[in-house]
Amino acid sequence: MDKSEKLALGLSGLLLAAFFLALIYAQVARGIEVPTCITDVEPFTSDTLFQIDENEYELHMITRMWAFEPSSVTLPVGSTVHLYVTSRDIIHGFKIEGKNVNLMAVPQTINYIPVTFNEPGEYFFACHEFCGAAHHLMAGRIIITDNEEDLARADLPGGER
Ligand code: CUA
């Protein structure tokens, strides 16, 4: 084997090892969740927000041309949201600004990721897959607040699922 071939082989081996270590570091040390595709559940057809525990919510997000349902969600500070995303028509994207959430919204499929909001503020989300004429209008926001009035107005779901 040529010397330069050995070098290339050695370097690619080292790179693979580095990527693998980075993956383990992200999962174990940083606790970064990897989005999951759920294939054994029928996709939902209506958007819903359930409270499943104190500070824990389950959000069924529907994407369609060209909107998110729901397009606005208000939740208290410290909420963990179990996000389930599907599409009613074609492939869309779902990305929350400033959060490690970047999902595909695929028809007949559900993608899942949990996300926790410890800081109050408005978290903008948008479609990041080009999906037609009004793709650029496909956006919404998650409002995280500790203002009792805003939360009361948001009409949070109190019941069990
Ligand atoms: Cu939906 Cu772009």
Side-chain angles (χ1 to χ4, degrees), residues 15 19-20 22-27 30-147 149-161:
L15 262 182
F19 290 150
F20 191 66
L23 200 68
I24 292 179
Y25 171 74
Q27 182 86 55
R30 303 283 310 275
I32 291 172
E33 298 273 353
V34 178
T36 314
C37 178
I38 299 170
T39 53
D40 58 343
V41 175
E42 266 296 283
F44 40 88
T45 51
S46 64
D47 60 311
T48 326
L49 180 68
F50 307 103
Q51 181 160 20
I52 53 176
D53 208 339
E54 206 195 336
N55 278 332
E56 253 185 89
Y57 298 87
E58 184 173 315
L59 177 59
H60 292 180
M61 174 68 74
I62 290 188
T63 63
R64 61 173 173 84
M65 289 186 282
W66 287 280
F68 289 98
E69 296 169 4
S71 62
S72 176
V73 180
T74 302
L75 290 171
V77 175
S79 295
T80 294
V81 182
H82 297 269
L83 256 172
Y84 294 83
V85 179
T86 191
S87 169
R88 192 171 281 170
D89 36 46
I90 59 171
I91 292 179
H92 298 277
F94 181 77
K95 178 171 170 49
I96 305 179
E97 202 176 52
K99 282 285 168 188
N100 188 32
V101 173
N102 185 342
L103 295 175
M104 302 286 291
V106 184
Q108 296 303 311
T109 303
I110 301 171
N111 280 318
Y112 165 78
I113 196 165
V115 54
T116 301
F117 296 92
N118 287 323
E119 298 291 326
E122 286 197 14
Y123 295 82
F124 177 79
F125 59 80
C127 175
H128 60 71
E129 292 292 325
F130 182 70
C131 55
H135 159 73
H136 62 290
L137 297 178
M138 227 179 129
R141 64 202 176 134
I142 295 172
I143 299 153
I144 301 296
T145 178
D146 42 19
N147 182 316
E149 277 176 38
D150 288 347
L151 288 169
R153 216 175 303 129
D155 195 20
L156 281 180
E160 302 280 298
R161 59 172 302 198

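Each ligand, and each atom within it, is numbered from 1 in the order the structure gives. Below, all heavy atoms of this structure are taken into account, side chains as well, without hydrogens, waters or symmetry copies.
For M138, the nearest N, O or S atom to atom 1 (Cu) of ligand 1 falls under 2.8 Å. The distance from atom 2 (Cu) of ligand 1 to the nearest N/O/S atom of C131 is under 2.8 Å. At a cut-off of 2.8 Å, H135 is counted among the residues with an N, O or S atom near atom 2 (Cu) of ligand 1. Under 2.8 Å from atom 2 (Cu) of ligand 1 lies no N/O/S atom of H128, from backbone or side chain alike.
Ring orientation note: the planes of F68 and F94 are nearly perpendicular, at an angle over 60° on the 30°/60° scale. Between H60 and F44, the ring planes lie parallel to each other; the angle is under 30°, not in the 30° to 60° tilted range.
Listed here is the closest heavy atom pair of M104 and N111: O-ND2, 2.7 Å. Shortest non-hydrogen contact noted between P120 and V77 is CB-CG2, 3.8 Å.
Sorting the N, O or S atoms of H92 by how far they are from atom 1 (Cu) of ligand 1 puts ND1 first. When the N, O or S atoms of E129 are ranked by distance to atom 2 (Cu) of ligand 1, O comes first.
Side chains of L49 and V73 form a contact here, defined as non-hydrogen atoms less than 4.5 Å apart.
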